[in-house]
Amino acid sequence: MEKLNSKMAHIEGTHAANRIFYLAVPQEALLDVALPLANSAQTKRGWNRIIIEKPFGFTSLSSQRDTESLLSRFEEKQIYRIDHLLGKDLIENLTVLRFSNLVFEPLWSRTYIRNVQVIFSEETATEIQGRYFGNYGIIRDIVHSHILQTIALFAMEPPVSLDGEDIRDEKVKVLRSIRKVDFEDVVLGQLKDTSSKVDRHTKSMTPTYFAAAMYIDNARWDGVPFLIKTGMGLMKNRAEIRIQFRHVPGNIYRERIGHDIDLDTNELVLRDLPEEAILLKVNNKVPGLGLQLDASELNLLYRDRYDVEVPGSYEHLLLDVLDGDNHLFMRSDELAAAWNVLAPVIHEIDQNRVAPELYEAGDKGPVNAYYLAAKHGVRWDDDW
């Protein structure tokens with residue numbers, strides 16, 4: 001690190017300069033790199049920022065130890081825990097859609113919303129290859145950061161401002177309010193080892209699929225199930241947030257809708273994959289004689305509306321680091337709160353060596369996910 005410091009000082013010359021250190025290293029090597037860097041490679045003629053890749057620790061205890069060590073050498077404002085999935089426009093649009101549109105903000109509570117689904121799936125199994133995923137699994141890799149951060153941004157109270165600290169203050173309140181997950185409300189899956197794409201690391205019991213029902217115990221979201229499901233090697237690439245609204249009280253069109261009124265529930269879908277879109281499902285009269293109702297979608301497809309090149313999520317997040325905008329990066333107290341949500345689940349899996357349900361590559365995933373949804377009165381969208 002002293003040699004690195006000398007090299008950078010030579011390049012910078014006599015000018016004031018800022019430094020960003022990007023640590024794309026295994027968690028086991030994090031402190032071995034970060035601490036000497038803090039001691040020997042920080043500039044004194046500008047600011048220093050350090051970027052750390054997920055997953056953030058292997059257990060709650062190891063994460064806490066890493067955090068304490070990092071905070072002994074860096075200030076909180078210098079640390080940027082990066083998750084490239086949070087750089088998607090879908091995530092940034094969550095707060096824009098809600099807080100800049102009067103039509104949505106009054107509906108954003110238990111009064112009108114029946115359930116929320118957060119879905120992230122990948123059809124490729126290449127992520128599963130190698131020591132990285134084999135050690136950490138999908139809970140530490142995807143759920144701990146991406147899924148819980150998505151829920152926090154979706155469910156938080158209006159922040160005082162768009163300042164990163166104000167937004168992170170509200171996110172951590174949501175994470176602290178998430179009820180302890182009942183293990184009966186968890187579904188684990190693992191991709192069958194029937195392809196050369198799936199290597200020896202999946203022969204352990206490391207989950208490649210996770211579904212769960214979560215509840216936020218606060219005044220806004222009391223009793224609303226947040227159902228999440230995420231997996232590798234599934235039917236298609238998919239990333240979306242699906243909001244299902246409550247039924248219309250005393251609906252005078254009930255007979256026209258039919259017995260299965262769930263099919264005609266209003267839904268708002270915020271989608272990143274397979275293509276960026278905002279969809280609003282509404283009931284509409286079919287043109288012509290008679291009175292027949294049909295569920296239709298008001299569809300905003302980004303490719304039709306915006307003729308712009310969309311930068312990659314890493315570009316987005318690295319620009320935020322340059323600008324000092326930290327609202328999409330986990331603060332240390334957020335990190336601890338997320339671990340408090342998932343640590344009991346991980347402990348149960350490890351202690352009892354819970355075997356995940358096997359599923360075929362290109363399939364919809366474990367069938368138990370459908371029983372889980374039914375248990376909480378939720379209908380998954382079948383387009384998997």
Side-chain angles (χ1 to χ4, degrees), residues 60 91 94-95 98 104-120 138-140 142-159 167-189 207 209-231 240-247 262 265-270 330 333-349 354 365-366 368-381:
S60 177
I91 302 301
L94 271 176
T95 50
R98 177 180 167 191
F104 291 123
E105 173 57 18
L107 305 178
W108 224 259
S109 74
R110 63 187 300 273
T111 306
Y112 297 103
I113 292 179
R114 188 157 55 104
N115 66 76
V116 179
Q117 302 169 30
V118 180
I119 299 167
F120 180 81
I138 201 158
I139 302 175
R140 295 176 177 91
I142 302 294
V143 181
H144 179 260
S145 177
H146 175 57
I147 299 292
L148 289 185
Q149 283 288 294
T150 299
I151 291 175
L153 284 164
F154 177 94
M156 71 181 186
E157 295 299 312
I167 293 175
R168 299 205 291 187
D169 286 344
E170 298 303 329
K171 284 196 294 174
V172 77
K173 291 177 186 177
V174 174
L175 293 172
R176 286 174 175 168
S177 298
I178 295 178
R179 184 189 309 170
K180 179 182 176 182
V181 180
D182 188 337
F183 200 72
E184 295 297 315
D185 290 335
V186 170
V187 175
L188 303 175
Y209 177 101
F210 181 84
M214 295 183 176
Y215 288 86
I216 300 172
D217 289 333
N218 63 21
R220 183 181 289 270
W221 298 109
D222 185 31
V224 177
F226 282 72
L227 263 72
I228 65 175
K229 62 176 177 178
T230 179
E240 72 177 32
I241 302 164
R242 181 174 292 266
I243 303 110
Q244 293 185 343
F245 293 93
R246 296 193 182 278
H247 301 135
D262 282 348
T265 298
N266 296 131
E267 291 183 343
L268 176 64
V269 182
L270 312 178
M330 294 179 78
D333 54 350
E334 283 185 84
L335 184 64
W339 271 114
N340 286 339
V341 173
L342 293 176
V345 174
I346 294 174
H347 179 76
E348 181 79 18
I349 295 169
V354 179
N368 278 331
Y370 290 89
Y371 293 116
L372 172 67
K375 176 182 174 181
H376 294 273
V378 176
R379 181 195 295 269
W380 291 119
D381 176 40

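Each residue takes its place number in the sequence, starting with 1.
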Contacts of type side-chain contact (heavy atoms from CB on, under 4.5 Å), residue A155, not counting sequence neighbours: V174, I216, W221, F226
How many angstroms lie between atom CG of N368 and atom CG of L188, to the nearest 0.5 angstrom? 10.0 Å
How long is the gap from CG on L268 to CG on L107, to the nearest 0.5 Å? 9.5 Å
Within the structure provided, determine whether L342 and L148 are in side-chain contact (heavy-atom separation under 4.5 Å). yes
Sequence neighbours excluded, the answer for salt bridge (Lys or Arg N to Asp or Glu O under 4.0 Å) partners of D182 is none
Any residue meeting salt bridge (Lys or Arg N to Asp or Glu O under 4.0 Å) with E157, in chain and number order, not counting sequence neighbours: R220
Can you name the side-chain contact (heavy atoms from CB on, under 4.5 Å) partners of R168, sequence neighbours left out? E165, K171, N326, F329, R331, E334
Could you work out, with side-chain contact (heavy atoms from CB on, under 4.5 Å) as the rule, every residue matching A336, not counting sequence neighbours? none
Does the side chain of I243 reach to within under 4.5 Å of the side chain of W108, using non-hydrogen atoms? yes
Which residues satisfy the side chain to side chain donor-acceptor pair (under 3.5 Å) test with N266, sequence neighbours excluded? none
Value for OG1 (T265) from CD (Q244), rounded to nearest 0.5 Å, stands at 6.5 Å
Quick check against the 3.5 Å criterion: does Q117 have a side-chain atom that pairs as donor or acceptor with the backbone of R379? yes
Residue list, salt bridge (Lys or Arg N to Asp or Glu O under 4.0 Å) with R242, at least two apart or on another chain: E240, E267, D381
Has E348 got a side-chain atom pairing as donor or acceptor with V354's backbone, closer than 3.5 angstrom? no
Applying salt bridge (Lys or Arg N to Asp or Glu O under 4.0 Å), name anything that partners R246, two or more places apart in sequence or on another chain. none
Would you say I91 and Q149 make side-chain contact, with heavy atoms under 4.5 Å? no
Does any non-hydrogen side-chain atom of I139 lie less than 4.5 Å from one of H144? no
Mind checking what makes side chain to side chain donor-acceptor pair (under 3.5 Å) contact with S145, not counting sequence neighbours? D83
All heavy atoms of S60 vs all of A343, minimum pair found to be CB-CB, 4.2 Å
Tell me if the NZ atom of K375 is crowded by more than 12 foreign heavy atoms within 6.0 Å. yes
Is it the case that the side chain of R98 and the backbone of F154 share a donor-acceptor pair, with hydrogens and angles ignored and the cut-off at 3.5 Å? yes
Mind checking whether V345 and V143 have side chains closer than 4.5 Å, heavy atoms only? no
Residues forming a side chain to side chain donor-acceptor pair (under 3.5 Å) with H376, sequence neighbours excluded: D185, Y215
Heavy-atom closest contact (A337 atom, L175 atom, distance): CB-CB, 3.7 Å
Which atom of L227 lies closest to which atom of A213, heavy atoms considered: CD1-CB, 3.9 Å
Side chain to side chain donor-acceptor pair (under 3.5 Å) partners of R110, counting only residues at least two apart: none
Find the distance between NZ (K229) and CD1 (I138) and round it off to the nearest 0.5 Å. 12.5 Å
To the nearest 0.5 Å, how far apart are CD1 in I119 and OG1 in T230? 10.0 Å
Run the side-chain contact (heavy atoms from CB on, under 4.5 Å) test against K173 and tell me which residues pass, sequence neighbours left out. E170
With a 4.5 Å heavy-atom cut-off, do F120 and I228 have their side chains touching? no
Might you point out which heavy atoms bring N115 and G377 nearest each other, and give the distance in Å? ND2-O, 4.5 Å
If you draw a 6.0 Å radius around CZ in F104, do more than 12 non-hydrogen atoms from other residues or ligands fall strictly inside? yes
Between W339 and P344, which heavy-atom pair has the shortest distance, and what is it? O-CD, 4.3 Å
Indicate the atoms forming the closest heavy-atom contact of Y209 with G365, along with that distance. CE1-CA, 4.2 Å
Going through the distances and angles, do V116 and I151 end up as a side chain to side chain contact (heavy atoms under 4.5 Å, CB included)? CA-CA 9 Å; V116 179; I151 291 175; over 6 Å; no
Report yes if the side chains of I147 and F210 come closer than 4.5 Å at any heavy-atom pair, otherwise no. no
Just so I know, are the side chains of L153 and I167 near enough to count as touching, which here means a heavy-atom distance under 4.5 Å? yes
